2 protein chains.
Amino acid sequence: MIVAAAARYFAEVGFSGPTRDLARRVGVTQPLLYKYFASKADLVEAVFARVYLDRLDPGWRALIVDRRRPLRARMVEFYRRYTDAIFTYEWMRIFMFAGLAGENLNARYLEHVRELLMKPLLAEISAAAPARKPDIEDMWSLHGSIIYLGIRKHIYQWPAPDDALPAIERAIDRFLGEFAPAARAVSPEVSPPRASTPPRRARS
Amino acid sequence: MIVAAAARYFAEVGFSGPTRDLARRVGVTQPLLYKYFASKADLVEAVFARVYLDRLDPGWRALIVDRRRPLRARMVEFYRRYTDAIFTYEWMRIFMFAGLAGENLNARYLEHVRELLMKPLLAEISAAAPARKPDIEDMWSLHGSIIYLGIRKHIYQWPAPDDALPAIERAIDRFLGEFAPAARAVSPEVSPPRASTPPRRARS
DNA sequence: TCTTGTATTTATCATCCGATCATTTATTGT
DNA sequence: ACAATAAATGATCGGATGATAAATACAAGA
């Protein structure tokens, strides 16, 4: 209960938020927090583990390298799942707070993303790209165009589409149009029926 | 001197940084700050004005709508100038801190960007796009892919190219390849000589 | 009911923070 | 040289903050 409330709390106010306010939210007194965490930094570390390390890569990599499926479908579904996992108030804001505070969380996480997700994705596209092959910077460019949707919504609190999927599909199609035109959607139109999509974003 | 030091200081530690440390940097005592600013919030507002409102749009819009020049050249030069202006430690981090703190700076600034930069850019591309026309979300997608370079460098402190220009050119060419193929660079190669480019990023 | 160990609270410490005020030092005008 | 004004400082206040220690509430087993 403490870690869950702390994740929400630190996502709102940052790591400099006083522990007394956090304790009030949990419904306990402030000294009790120090029964379970030796220091405030310990509690922050527990929040990191809960929000990031725990929900890392539930089959994302396997999805990317599954060549039985068309490349575009794999990319769209990967980014759909990925953004479903990270386009949340807590994930986005704690990640930004950590970056600004100089925590090494971001470097650790992004190294993971690069090695386990971006490089495999790059390999898949290169395998399907007859002419010009993308490099890792092209991958980060695509990645950034998608992540920016979450930044607009959760950091800038600036209107962004409720459903990120159409924008994601268009970004992916533009990307494939450059590197693997044969793999992109036949029609420039967006979002085929979306038959077996599970209900998105259960809360918030 | 106070505002300049405050911009640097708040960019490093955020708006919750104590005014005493800031005063020490300026080389004065802390109460003196209150001689020039009624409150800490006033000082923060002055930093906003210095870092954002002041350096807003030095001819960017005029550059975008100047149809005597080819579309691609206008887009590349606009984003070169734009990123030269905002890809700085202070600009990037204060913008993020402000967003996380719920300041309205971000909304104000992004509305400005949308109305004065993105919509004209959209109109220029639409005018050159024979078939499929982009919408404003496509513009934000391109924008995000470029901004993400600055976020990686200054927020996540994660390796990013020293010179953002090649990545910007490739993103723009991919974009034009989708919407206005005739306007994009003839060769997929990057960055012609860059003859009359002024020395970039004078300090840090 | 009594005991024992744990969970939680009350009370508190030392420190830090934004802000104020009286006083001293520097600058300017004549 | 001297008065008037501005600039800067030292001391400090009330409140907040991370952390600690002692006291109390609570549950389980005898």
Side-chain angles (χ1 to χ4, degrees), chain A residues 1-53 89-90 93-106, chain B residues 1-54 89-90 93-106 108:
Chain A
M1 284 176 61
I2 291 176
V3 173
R8 179 74 196 183
Y9 176 68
F10 289 138
E12 284 179 26
V13 305
F15 304 124
S16 59
T19 55
R20 278 173 177 79
D21 291 353
L22 166 60
R24 192 176 311 124
R25 289 204 188 188
V26 189
V28 299
T29 54
Q30 178 251 1
L32 187 62
L33 303 179
Y34 287 82
K35 198 82 180 186
Y36 296 95
F37 302 94
S39 69
K40 190 180 178 180
D42 266 28
L43 176 53
V44 168
E45 197 61 37
V47 168
F48 285 172
R50 157 80 65 113
V51 177
Y52 299 94
L53 310 182
Y89 188 85
E90 294 178 9
R93 293 177 62 95
I94 290 180
F95 200 71
M96 283 294 164
F97 275 121
L100 290 166
E103 301 278 349
N104 66 346
L105 169 74
N106 308 73
Chain B
M1 286 175 61
I2 291 175
V3 173
R8 180 74 195 184
Y9 176 69
F10 289 138
E12 284 180 27
V13 305
F15 304 123
S16 59
T19 55
R20 279 174 174 80
D21 290 353
L22 167 59
R24 192 176 311 122
R25 289 205 187 186
V26 188
V28 298
T29 55
Q30 178 250 4
L32 187 62
L33 303 180
Y34 287 83
K35 199 87 176 181
Y36 297 95
F37 302 94
S39 67
K40 189 180 179 180
D42 266 27
L43 176 53
V44 169
E45 198 61 35
V47 169
F48 285 172
R50 157 80 64 115
V51 177
Y52 300 94
L53 309 181
D54 281 2
Y89 187 86
E90 294 177 8
R93 292 177 60 96
I94 290 180
F95 200 71
M96 284 294 165
F97 274 122
L100 290 166
E103 301 277 348
N104 64 347
L105 169 74
N106 307 73
R108 274 189 289 160

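Remember, predicted model here, so these are calculated numbers, not experimental data.
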Quiz item: Sequence neighbours excluded, which residues qualify as side chain to side chain donor-acceptor pair (under 3.5 Å) partners of A/Arg50?
Solution: none

Quiz item: For B/Phe10, what residues pass the ring-ring contact (aromatic ring centres under 6.0 Å, His included) criterion, not counting sequence neighbours?
Solution: B/Phe15

Quiz prompt | Partners passing side chain to side chain donor-acceptor pair (under 3.5 Å) against A/Arg25 (at least two apart in sequence or in another chain) | solution = A/Glu12

Exercise. Please step through side chain to side chain contact (heavy atoms under 4.5 Å, CB included) for the pair B/Tyr52 and B/Ile94, ending with a clear verdict.
Key: CA-CA 10 Å; B/Tyr52 300 94; B/Ile94 290 180; 3.2 Å; yes

Quiz item: Within this structure, what is the CG-to-P distance between A/Leu33 and D/dA21, rounded to whole angstrom?
Solution: 17 Å

Quiz item: With a 4.0 Å cut-off on heavy atoms, is B/Phe37 in touch with a base, just the backbone sugar-phosphate, or nothing at all?
Solution: nothing

Restricting both atoms to N or O, compile the protein contacts to nucleotides 22-28 of chain C shorter than 3.5 Å, with distance only.
none

Quiz item: Quick one: does B/Ser16's side chain get under 4.5 Å of B/Phe97's, heavy atoms only?
Solution: no

Practice problem: Hey, could you give me the CZ/CZ distance between B/Arg8 and B/Arg93, rounded to the nearest 0.5 Å? | Solution: 9.0 Å

Exercise. May I have the distance from A/Leu32 (atom CG) to C/dT9 (atom P), rounded to whole angstrom?
Key: 6 Å

Exercise. Using atom CG of B/Leu22 as one end and atom C1' of C/dC16 as the other, report the distance to the nearest whole Å.
Key: 16 Å

Self-check item: Residues forming a side chain to side chain donor-acceptor pair (under 3.5 Å) with B/Arg20, sequence neighbours excluded
Solution: none

Could you pull out every donor-acceptor pair under 3.5 Å between side chains of residues 27-39 of chain B and any protein atom, sequence neighbours left out?
| from | atom 1 | to | atom 2 | distance (Å) |
| --- | --- | --- | --- | --- |
| B/Gln30 | NE2 | B/Thr19 | OG1 | 3.3 |
| B/Ser39 | OG | B/Ala41 | N | 3.4 |
| B/Ser39 | OG | B/Asp42 | N | 3.3 |

Under 3.5 Å, which N/O atoms of the protein pair with N/O atoms of nucleotides 17-19 of chain C?
| from | atom 1 | to | atom 2 | distance (Å) |
| --- | --- | --- | --- | --- |
| C/dG18 | OP1 | B/Lys40 | NZ | 2.5 |
| C/dG18 | OP2 | B/Thr19 | N | 2.8 |
| C/dG18 | OP2 | B/Thr19 | OG1 | 3.0 |
| C/dG18 | N7 | B/Arg20 | NH1 | 2.9 |
| C/dG18 | O6 | B/Arg20 | NH2 | 3.0 |
| C/dA19 | OP2 | B/Tyr34 | OH | 2.4 |
| C/dA19 | OP2 | B/Lys40 | N | 3.0 |
| C/dA19 | N7 | B/Gln30 | NE2 | 3.0 |
| C/dA19 | N6 | B/Arg20 | NH2 | 3.3 |
| C/dA19 | N6 | B/Gln30 | OE1 | 3.1 |

Exercise. Grab the OH-C1' distance between B/Tyr36 and D/dA8 for me, whole Å please.
Key: 8 Å

